[in-house]
Amino acid sequence: MNSLMQIIEIGGKEDSFLWGICVFGDQRTPPPLAFPELKSCTVLQSFMNNKLNSEFEICTDNGDTLLEGLLVNGWLSKVVLARGHVEKSVAMWTFNLMAYSSNEELRTSACDFWCAILSSKNEVGLQHVKIDWFPSYSELKLALENYGFLFNSSNMEYVHSSSGHQGPAQNIRAWIKYATASCQVRSKTAIYLTSEAEELMEVIIYLFLDRQLQGLFVLLHECMQSAISYFTDNEWESSCEKIAKSLARRIPKDVNCLRIVECISGANSRSKLFRSVVAYQILHSCFDYKAQDEVEILNLLISINVKDKNCDFFKVYVYLVLTENWLLSNQLSEDKQVLNEMWLLYLRNCSCLIASTDLRSFASKVRNKAAYLLQGTVTQ
């Protein structure tokens, strides 16, 4: 009976390790959405001055209402694309609707408007569209701050809100879709500075950790892939390491760091490199940056005594998964054969030196994971 109770207790302890961090605090009051300048925009004026208005009795007394109707019906994007010009007032009005409106139909339509404008820059044969005002990264960042995103947290811990207005706002879906579209126009226009694109990448990664956004993971994955592709080849290697080091400094060394690595999926070479570098930097930070290089990190892993009764198998499990993603996500070259041999030794330690009767929490997970990886490595 005691053994059964011990097994149940251990199983319950392992199940309690769930990923999830609240990256949003309290929402701020959104800015006003009224734009008096809209009344003088040429799109509205062209409708008001059209002689067909009197025949079809189109009401133009309320310019905002008319433009909202055009926006929701998808005609506003068609009109500005045909004219080849997005006026500043229209651009600012639609962006603010997308970022801050509580009306789902308006914010979705405003997001579709911007996605249409941005995608037109990538399509061959379409008329060049002049945009008088373009949302800068600071505009995107300001919107996130209004949603309560915790930019200034020194590290991402569990945060409890003091009010009932904890983020994220419903506008976060449109925000993600806009960020995705904006990164896809790099071939035509460099919208963000390299440092801004790096911070945007970090933000996307942090959003993966908030369980409130689980329904948006497909959108987040698309956004991350778009952001990864935003960098030029010359920028990517350096930016990849900068982003990884920043993430490693802030992310708790628990299942959340494994969640981050897991979310960096993709078969392309950039995604594989990013996954590998992030895993390496987090692993490096787990040892307080005591290791000078890759060989020293593997020596530290090999030196862990899994037979010690005080061995923390949860940490060992985290190390094992991180090392797997570091070494296997980005294929080792022949000149790193030493790392491969040390990796095999580490796997043998974890799979062979932990007894099957060891009921300590995560002991079986470490043993089984290592045995599986070892079998796959030997098979290859």
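Not measured: the values here are computed from a predicted model. No hydrogens, no waters, no symmetry mates; every other heavy atom, side chains included, goes into these values. Residue numbers run from 1 in the order of the sequence given.
- At least one side-chain heavy atom of Val295 sits less than 4.5 Å from a side-chain heavy atom of Leu339.
- Scanning both residues, Val306 and Leu353, for their nearest heavy atoms gives CG2-CB, 3.6 Å.
- Proximity of a side-chain donor or acceptor of Arg83 to a complementary backbone N or O of Lys78 within less than 3.5 Å is not detected.
- A cation-pi geometry, defined here as NZ or CZ lying under 6.0 Å from the six-membered ring centre and within 45° of its normal, holds between Lys141 and Phe151.
- Using modelled atom types, one finds no donor on one side chain facing an acceptor on the other under 3.5 Å when comparing Ser265 with Arg275.
- For Phe217 against Leu207, the heavy-atom pair with the smallest separation is CE2-O, 4.4 Å.
- Judged by distance alone, the side chain of Arg348 and the main-chain N or O of Ala371 form no donor-acceptor pair under 3.5 Å.
- Within 6.0 Å of OH in Tyr289 there are more than 12 heavy atoms belonging to other residues, nucleotides or ligands.
- At least one side-chain heavy atom of Leu373 sits less than 4.5 Å from a side-chain heavy atom of Glu324.
- With hydrogens and angles disregarded, no donor-acceptor distance shorter than 3.5 Å links the side chain of Trp326 to the backbone of Leu283.
- In this structure, Ala110 and Met98 approach most closely via the heavy-atom pair CB-N, 3.7 Å.
- Across all their heavy atoms, Ser89 and Cys41 have their closest contact at OG-CB, 3.6 Å.
- For the residue pair Asp112 / Ser109, no side-chain donor-acceptor distance below 3.5 Å is found, with atom types taken as modelled.
- Atom CZ of Phe362 and atom NZ of Lys315 lie 13.5 Å apart (nearest 0.5 Å).
- Phe24 and Tyr147 have their aromatic ring centers separated by at least 6.0 angstrom.
- Atom CZ of Phe113 sits about 11.5 Å away from atom SG of Cys111, to the nearest 0.5 Å.
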Given Ile205 and Ile260, is the side chain to side chain contact (heavy atoms under 4.5 Å, CB included) satisfied, shown in steps? CA-CA 7 Å; Ile205 295 292; Ile260 280 182; 3.7 Å; yes

Report the C-alpha separation of Ser271 and Gln225 in whole Å, then their side-chain angles, then the decisive distance to 0.1 Å, and conclude whether the side chain to side chain donor-acceptor pair (under 3.5 Å) test is met. CA-CA 8 Å; Ser271 295; Gln225 291 301 314; 3.1 Å; yes

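- Without hydrogens or angle criteria, Lys307 side chain to Ala355 main chain gives no donor-acceptor distance under 3.5 Å.
- Between the side chains of Asn325 and Glu262, no donor N or O sits under 3.5 Å from an acceptor N or O.
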Under the criterion ring pair (Phe, Tyr, Trp, His ring centres under 6.0 Å), I'd like the reasoning laid out for Tyr280 against His284: C-alpha separation, chi angles, the key distance, then a yes or no. CA-CA 6 Å; Tyr280 173 77; His284 199 190; 5.7 Å; yes

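- One hydrophobic cluster, built from ILVMFWY side chains closer than 4.5 Å, cannot hold both Leu193 and Leu118; they sit in different ones.
- Counting only heavy atoms from C-beta outward, the side chains of Gln212 and Cys22 approach each other to under 4.5 Å.
- Side-chain contact between Leu216 and Leu213: present, with at least one pair of heavy atoms (C-beta onward) separated by less than 4.5 Å.
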Side chain to side chain contact (heavy atoms under 4.5 Å, CB included) evaluation trace for Phe287 with Leu301: CA-CA 10 Å; Phe287 292 105; Leu301 292 170; 3.7 Å; yes

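- At a cut-off of 3.5 Å, with distance as the only test, a side-chain donor of Thr42 or Glu87 sits close to an acceptor on the other residue.
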Could you walk me through whether Val261 and Val321 pass the side chain to side chain contact (heavy atoms under 4.5 Å, CB included) test, one step at a time? CA-CA 9 Å; Val261 173; Val321 175; 5.9 Å; no

Would you please test Val255 and Phe314 for side chain to side chain contact (heavy atoms under 4.5 Å, CB included) and show each step? CA-CA 9 Å; Val255 287; Phe314 174 67; 3.9 Å; yes

Glu222 and Lys177: salt bridge (Lys or Arg N to Asp or Glu O under 4.0 Å), yes or no, with the steps? CA-CA 9 Å; Glu222 292 173 355; Lys177 291 180 72 174; over 6 Å; no

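- Closest of all the heavy-atom pairs between Leu106 and Leu71 is O-CD2, 4.2 Å.
- Within the 3.5 Å criterion, the main-chain N or O of Ile354 finds no donor-acceptor partner in the side chain of Asp358.
- At least one side-chain heavy atom of Glu139 sits under 4.5 Å from a side-chain heavy atom of Trp133.
- Formation of a donor-acceptor pair under 3.5 Å by the Ser226 side chain with backbone atoms of Thr180 is found in this model.
- With values rounded to the nearest 0.5 angstrom, Ser239 atom OG is found 9.5 Å from Arg270 atom CZ.
- Side-chain contact between Leu140 and Leu144: absent, with no pair of heavy atoms (C-beta onward) separated by less than 4.5 Å.
- A distance of 11.0 Å separates CD1 of Ile176 from CG of Asn171, quoted to the nearest 0.5 Å.
- Rounded to the nearest 0.5 angstrom, Tyr192 OH and Cys183 SG are separated by 5.5 Å.
- Ser276 places no side-chain N or O within 3.5 Å of a backbone atom of Lys272 that could act as its donor or acceptor partner.
- Interatomic distance, SG of Cys240 versus CD of Gln281, reported as 9.0 Å (0.5 Å rounding).
- Within the structure, the side-chain hydrogen bond (donor to acceptor under 3.5 Å, both in side chains) test picks out the following pairs touching residues 92-107 (sequence neighbours left out): Thr94-Trp114.
- With contacts defined as side-chain heavy-atom distances shorter than 4.5 Å, the pair Tyr372/Asn368 does not qualify.
- A pairwise comparison of heavy atoms in Thr29 and Asn146 identifies O-OD1, 3.3 Å as the closest pair.
- Side-chain atoms of Lys365 and Phe313, non-hydrogen and from C-beta on, never get closer than 4.5 Å to each other.
- We find that Lys290 and Glu296 are not joined by a salt bridge, their nearest charged nitrogen and carboxylate oxygen being 4.0 Å or further apart.
- In this structure, Ser246 contributes its side chain and Ile243 its backbone to no donor-acceptor pair below 3.5 Å.
- Of the N and O atoms on the side chains of Tyr230 and Glu235, not one donor lies less than 3.5 Å from an acceptor on the other residue.
- In this structure, the ring of Tyr346 has its center no less than 6.0 angstrom from the ring center of Tyr319.
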